[in-house]
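Data block below; observations after.
Here, residue 1 is the first one in the sequence, and each next residue gets the next number. Note that this is a predicted model, so its numbers are computed, not measured. Side chains included, hydrogens not; waters and symmetry mates left out as well; all remaining heavy atoms used.
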Amino acid sequence: MKCTLFNAVAIAASLGLATTASAQYQTNARYSSYGHVQEPAAVQQEASPSDVVVPLTVVDPIHHVPSQEQNLPAQNDAAGSAGCDTGASSDYYGSGSATGCGVGGDLIHNNDRNVVFGLRGLIFNRNYEDQRLYGTNAFGESLYSTASDIDDLNGFEATLGVRNCNGLGWEIGYWGLYPSQSDYTFSGAPYTTSLTGLADVSLAGSAVDQAFNTADSWRTYRNNDFQNFEFNLLRSGGATQGLCCRTINIEWLAGFRYFQFDENIRLAAFNSTAPYPPQTFYDVEVENELLGFQLGARADRCLFGGFSLSLGCKFGLYNNDVYAGQSINDGAGGFGVATAGPYTGTDYNLSAQEDEVATLGELDLGLNWQMSECWRANVGYRAIGVTGVALAPDQIPTNFQTFNATNNIKTNGDLLLHGAYFGVERAF
């Protein structure tokens with residue numbers, strides 16, 4: 001039997017056998033989420049739950065009139081699954097025709113659309129800034145801003161996709177990497193701070209540089225938080241048949257993304273020597289809120305035994321609403337005060353906000369396994385690159401006397417998130 005079942009059905013119809021062929025097809029065919037079917041003689045399996053069955057009118061090739069209606073599967077799941085070892089392309093991936101829409105239905109609710117909900121766990125890492133020197137200890141060891149890097153960023157992802165039998169659909173998705181904090185204690189008093197200008201800032205009547213230099217210990221902290229929300233419109237891009245009747249299916253997308261990245265860092269000095277404050281904190285925080293338009297595509301390739309491979313990419317241009325703030329404080333509501341320079345008498349409790357242009361790109365490589373007619377598992381690797389963002393350590397001034405954070409947020413930072421995801425999808 002040839003791979004293209006449309007031709008097989010048409011030939012059967014021309015011989016007056018359409019009724020028999022239709023009954024056998026619906027009994028034996030396996031409905032793939034890619035819109036392809038197994039040969040009836042070779043596979044006797046239940047229908048995949050992530051497909052829509054679209055009625056197709058078979059046309060008599062001689063008289064050019066309808067001769068029989070037969071249900072053929074329409075692809076409604078761009079994530080991919082099993083059952084696509086043959087290469088017949090459906091209406092969903094082919095012409096995008098709405099033939100039969102509203103008459104056919106999915107395998108559960110008899111409607112003309114397919115709904116898939118996914119839930120995944122995330123384990124990511126990120127790159128960090130060029131390290132900034134905080135100071136040294138009595139042994140000549142150095143403390144850098146990267147000493148408190150976070151090893152793993154953990155979170156979850158939830159997606160909901162709806163695909164209609166005319167090849168159109170939409171999806172919404174959310175993922176977050178929740179507040180993760182790390183800290184590092186730097187021992188070896190006495191210390192020497194490398195932050196220029198702290199001698200011209202006073203906290204509780206003492207110069208801040210001396211509060212750090214005479215401290216018993218230093219500790220550095222970092223906190224990160226990531227939130228992402230997307231809404232995309234979907235369009236079937238068709239299928240290309242490869243060797244052994246396997247296919248690569250394409251789905252295009254266009255939509256909006258909101259991406260938030262918050263970062264806080266702290267350098268702390270703990271001091272038991274009078275008259276210095278018991279604790280001196282230098283805090284920096286940034287908030288990046290990206291909102292913009294993105295384009296993308298997904299390609300899915302069936303493998304074997306219920307497995308499929310997927311590759312996705314997205315790219316967008318965004319407005320980045322950036323907030324940055326920093327302070328020198330004692331942790332009890334007291335702030336450092338400038339004692340020299342153009343900002344003499346001003347509290348070192350500063351903030352600024354501005355809008356900048358940012359870009360975001362994403363690559364996704366996944367492996368899917370159809371576990372049952374309604375459930376599918378997937379695991380993969382994702383990388384997200386962002387340009388035009390503010391990183392907290394980049395806001396540390398070269399001279400604390402200038403207070404330059406009040407009018408100049410550095411947004412030339414780059415962010416790379418990458419890591420693994422794993423989860424399941426349920427078709428309704």
Taking the ring of Phe400 and the ring of Tyr282, is the distance between their centroids below 6.0 Å? yes

Using the ring centroid of each side chain, check whether Tyr348 and Phe335 are separated by less than 6.0 Å.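 Centroid distance Tyr348-Phe335: not below 6.0 Å, so no.
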
Nearest non-hydrogen partners of [X] and [Y], listed with the distance:
X	Y	answer
Gln395	Asn408	OE1-O, 4.4 Å
Ala215	Ala269	CB-CB, 3.8 Å
Gly361	Phe315	CA-CD1, 4.1 Å
Ser180	Asp152	OG-O, 4.2 Å
Val389	Val386	CG1-CG1, 3.5 Å

So [Y] and [X], do their side chains get closer than 4.5 Å, heavy atoms only?
X	Y	result
Phe307	Gln370	no
Leu143	Leu267	yes
Trp175	Arg120	no
Asp414	Thr387	yes
Phe293	Leu295	yes
Tyr421	Asp364	yes
Phe259	Phe226	yes
Arg298	Leu234	yes

Nearest 0.5 angstrom please: [X] [atom1] to [Y] [atom2], how far?
X	Y	atom1	atom2	result
Phe281	Asp330	CZ	CG	8.5 Å
Leu291	Arg257	CG	CZ	11.5 Å
Tyr191	Asp209	OH	CG	16.0 Å
Leu133	Ile396	CG	CD1	10.0 Å
Glu251	Arg163	CD	CZ	4.5 Å
Tyr221	Ile265	OH	CD1	13.5 Å

Tell me whether the rings of Trp218 and Phe186 are parallel (<30°), tilted (30 to 60°) or perpendicular (>60°). tilted

Is it the case that the side chains of [Y] and [X] hold a donor-acceptor pair, with the cut-off being a distance below 3.5 Å and no angle test?
X	Y	value
Asn288	Asn320	yes
Asn329	Asp283	yes
Asp183	Gln181	no
Asp262	Gln260	yes
Glu230	Gln294	yes

For the pair Val116 and Arg376, evaluate side-chain contact (heavy atoms from CB on, under 4.5 Å) and give the outcome as yes or no after the intermediate values. CA-CA 10 Å; Val116 177; Arg376 175 170 60 203; 4.2 Å; yes

Heavy atoms from other residues, nucleotides or ligands near CH2 of Trp170 exceed 12 (cutoff 6.0 Å):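 Enclosed.
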
Quick check on Asn154: does its CG atom have over 12 non-hydrogen neighbours (other residues, nucleotides or ligands) under 6.0 Å away? yes

Show your reasoning for whether side chain to side chain donor-acceptor pair (under 3.5 Å) applies to Glu157 and Asn228. CA-CA 9 Å; Glu157 177 179 35; Asn228 183 88; over 6 Å; no

I want to check a possible cation-pi pair here: Arg132 against Tyr134, using under 6.0 Å from ring centre and within 45° of the ring axis as the test.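 No.
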
Mind running side chain to side chain donor-acceptor pair (under 3.5 Å) on Ser182 and Asp151 for me, showing each step along the way? CA-CA 9 Å; Ser182 66; Asp151 293 331; over 6 Å; no

Could you list the residues that satisfy salt bridge (Lys or Arg N to Asp or Glu O under 4.0 Å) with Arg126, not counting sequence neighbours? Glu263

Test of understanding: with salt bridge (Lys or Arg N to Asp or Glu O under 4.0 Å), list the residues that count as partners of Asp394, not counting sequence neighbours.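 Expected list: none.
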
Does the pair Gln401 and Tyr343 meet the rule for a side chain to side chain donor-acceptor pair (under 3.5 Å), with working shown? CA-CA 7 Å; Gln401 210 182 71; Tyr343 296 94; over 6 Å; no

So, applying side-chain hydrogen bond (donor to acceptor under 3.5 Å, both in side chains) with Asn271, which one of Thr214, Thr280, Asp216 is it? Thr214

